[in-house]
Amino acid sequence: MSPFRIVIAGGGIAGLTAAIALRGPNRHITVLEQSSLNKEIGALVSLQPNASKIIQSSWGLKNELHGAREMVDEGFRIYNTDGKLVNTIPLLARTIYGSERLLFHRRDLHDVLKEAAVSPNRKGEPAVLRVASRVVGCDAVAGIVALEDGERIEADLIIGADGIVLRKHVLDSEPCAMPTGHSAYRLMIPTKILEEKEPEFCAKINPRDPFTSMIVAHDCRLVMGPGRQGEVYGIVALVPDDQMNEDPHAKHSWVSKGDLEKMLKTFADFPTWVTEIFKHSPDLGLWQLRDLDPLTNWHHGRLILIGDAAHAMLPTQGQGASQAIEDSEALGAFFEGVTEAPSFHALTETLEKEQNIFQTRYARVSLIQAYSRQAAKPATDKGAKLVKMKPDEFMDYNCKYSGAKQWRLEQLAN
Ligand SMILES: Cc1cc2nc3c(=O)[nH]c(=O)nc-3n(C[C@H](O)[C@H](O)[C@H](O)COP(=O)(O)OP(=O)(O)OC[C@H]3O[C@@H](n4cnc5c(N)ncnc54)[C@H](O)[C@@H]3O)c2cc1C
């Protein structure tokens, strides 16, 4: 029996979870990652209940997540720019959605996923993870992936989890990720330092409390929470480009640096007990946020896009990584039981025909992309302090999810 050969471009959250979900007997899975994977950025990432349920229950990684020093988020606390707590929204996620909202250091989560993809102790053959392997193109119909060094790798199924490189093999014209008009600073501060040096901040917001705290103005906001079981405190500071004192057109990515003086100028209206803490972050990342209108298609021939490659979205609901994990679960579910190389016809049917992967995922993810844009709208009226934002506005739709096949059944029944 010929093995089912699966090549995944990109070893981020989407690529590694696809490898986990697709592991099975007689399957050869190769993950091609351009970087050396030893420098995942210092930032926190949240997994929403829809994704934590998949990782814990469907993939059996509950203990491993626990070992990655997860924190269970117990709710949102919202403050205005006078520093007044104006709303507390408890998150009864386990009761309502069957799983928790979990906070991680990105590196810890990435390590758990990498280990599960390549571990010899899980079902099927371990995936082979090749670092320093940059994909430059593919032949989606013939099933060939081309690497920068000239190597060509044959595949029955190609998964594009690499951001932008393979997109052009699916679409007639390549979409441009559009600046959204927002940028985000990312900071992470050791909690001990906050406790030693910033007692006023800690008296108002205990940085070890498992809550997401937000301080919101009309269109700037700080989203803050603990990670590594209280060892670090992460901050995402969202700001409209036109009110930012940095150059929004400079090349921004996870690794680009922000300027503390300029950030302080932008957040001058925020209480000093919070702006004082910014200087304690060893790194200050600045990222111009871009998102995509829903693509017209995610697949062609043997190739399917997943994760940010298929549906980059704003981080305002923390659903980007969670939607990548849902994509991977869908791949696992719809290829379940396939133990030899599928014919071209069988493979493309699974990717695109009604009741299969693309049809199941597309409408849901496109709506969550739209919700993420809506959640970026101003949090107060201009010049006013009354906070209108509701961070839990779309939670029911986003988080009541029990896997792709169940979702498909529910959609057909409605
Ligand atoms: C400010 C901010 C905060 C966020 N917070 C959250 C959050 O709390 N929760 C959440 O769910 N989401 C969050 N997100 C979104 C989330 O980070 C992404 O949606 C998620 O990382 C997407 O995973 P991915 O694997 O598709 O892409 P990536 O994580 O970008 O991984 C792509 C991988 O492909 C590799 N690659 C790229 N090109 C090639 C190539 N040519 N060949 C080989 N390899 C290649 C890259 O090196 C990388 O490792 C946030 C985003 C932002 C901007």
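Just follow the structure's listing: the first ligand is 1, and inside any ligand the first atom is 1. Throughout, residue positions are numbered sequentially from 1 according to the sequence presented. Everything quoted here is computed from the prediction, not taken from an experiment.
Each of Leu47, Val72, Asp73 was checked for a side-chain contact (heavy atoms from CB on, under 4.5 Å) with Leu103, and the lone residue meeting it is Asp73. A side-chain hydrogen bond (donor to acceptor under 3.5 Å, both in side chains) with Gln323 is found for exactly one of Gln369, Arg361, Gln317, namely Arg361.
The residue Gln323 has no part lying near ligand 1, judged by heavy-atom distances below 4.0 Å. Counting heavy atoms under 4.0 Å from ligand 1, residue Val165 touches it through the side chain alone. When non-hydrogen atoms are compared, ligand 1 lies under 4.0 Å from neither the backbone nor the side chain of Leu47.
Near Gly10, the atoms of ligand 1 lying under 4.0 angstrom from a non-hydrogen atom of the residue are 34 (O), 35 (C), 44 (N). Those atoms of ligand 1 with a heavy atom of Ile13 less than 4.0 angstrom away are 25 (O). Ligand-side atoms of ligand 1 in range of Leu289: 53 (C), range being under 4.0 angstrom from any heavy atom. Those atoms of ligand 1 with a heavy atom of Gly318 less than 4.0 angstrom away are 7 (C), 9 (N), 10 (C), 11 (O). Near Leu32, with a cut-off below 4.0 Å to any heavy atom, the atoms of ligand 1 are 43 (C), 44 (N). Taking every heavy atom of Arg134 and a limit of under 4.0 angstrom, the matching atoms of ligand 1 come to 40 (C), 41 (N), 42 (N).
Phe335 has its ring centre less than 6.0 Å from the ring centre of Phe4. Between Tyr362 and Trp407, the distance from one ring center to the other does not fall under 6.0 angstrom.
Within the 4.0 Å heavy-atom cutoff, Arg106 counts among the residues contacting ligand 1. The closest approach between a heavy atom of Ala161 and any atom of ligand 1 is below 4.0 Å. Ser133 counts as a contact of ligand 1, since one of its heavy atoms falls under 4.0 Å from the ligand. Residue contact check for ligand 1: Ser322 places a non-hydrogen atom closer than 4.0 Å to it.
The pair Lys197-Glu276 fails the salt-bridge criterion, with no side-chain N (NZ, NE, NH1 or NH2) lying under 4.0 Å from an Asp/Glu carboxylate O. Salt bridge present: Arg373 and Asp293 bring a charged side-chain N and a carboxylate O closer than 4.0 Å. Between Glu151 and Arg130 there is a salt bridge, since a side-chain N of the basic residue sits under 4.0 Å from a carboxylate O of the acidic one. At a threshold of 4.0 Å, the pair Glu154-Arg302 does not count as salt-bridged, since none of the basic side-chain nitrogens sits closer than that to a carboxylate oxygen.
Of the polar atoms of Ser35, none of the N or O atoms is found under 3.5 Å from an N or O of ligand 1, judged by distance alone. Residue contacts with ligand 1: Trp287 is placed with no nitrogen or oxygen under 3.5 Å of a nitrogen or oxygen of the ligand (distance criterion only). Between Ala321 and ligand 1, a contact under 3.5 Å exists for at least one N or O pair. Between Gly307 and ligand 1, a contact under 3.5 Å exists for no N or O pair. For ligand 1, none of its N or O atoms has an N or O atom of Gln48 under 3.5 Å away.
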side-chain hydrogen bond (donor to acceptor under 3.5 Å, both in side chains) assessment of Glu326 paired with Asn50
CA-CA 8 Å; Glu326 286 190 13; Asn50 45 315; 2.7 Å; yes

Test Phe394 against Leu367 for side chain to side chain contact (heavy atoms under 4.5 Å, CB included), laying out the working first.
CA-CA 10 Å; Phe394 306 112; Leu367 192 53; over 6 Å; no

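In this comparison of Ser46, Ala14, Pro315, the heavy atom closest to atom 50 (C) of ligand 1 sits on Pro315.
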Quick one: side chains of residues 227-238, donor-acceptor pairs under 3.5 Å with protein atoms, not counting sequence neighbours, listed by atom name and distance.
unit_1 : atom_1 : unit_2 : atom_2 : d
Arg228 : NE     : Asp108 : OD2    : 2.8
Arg228 : NH2    : Asp108 : OD1    : 2.8
Gln229 : NE2    : Glu70  : O      : 3.4
Glu231 : OE1    : Arg69  : NH1    : 3.1

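Every residue two or more places apart in sequence or in another chain was checked for a side chain to side chain donor-acceptor pair (under 3.5 Å) with Gln374, and none qualifies.
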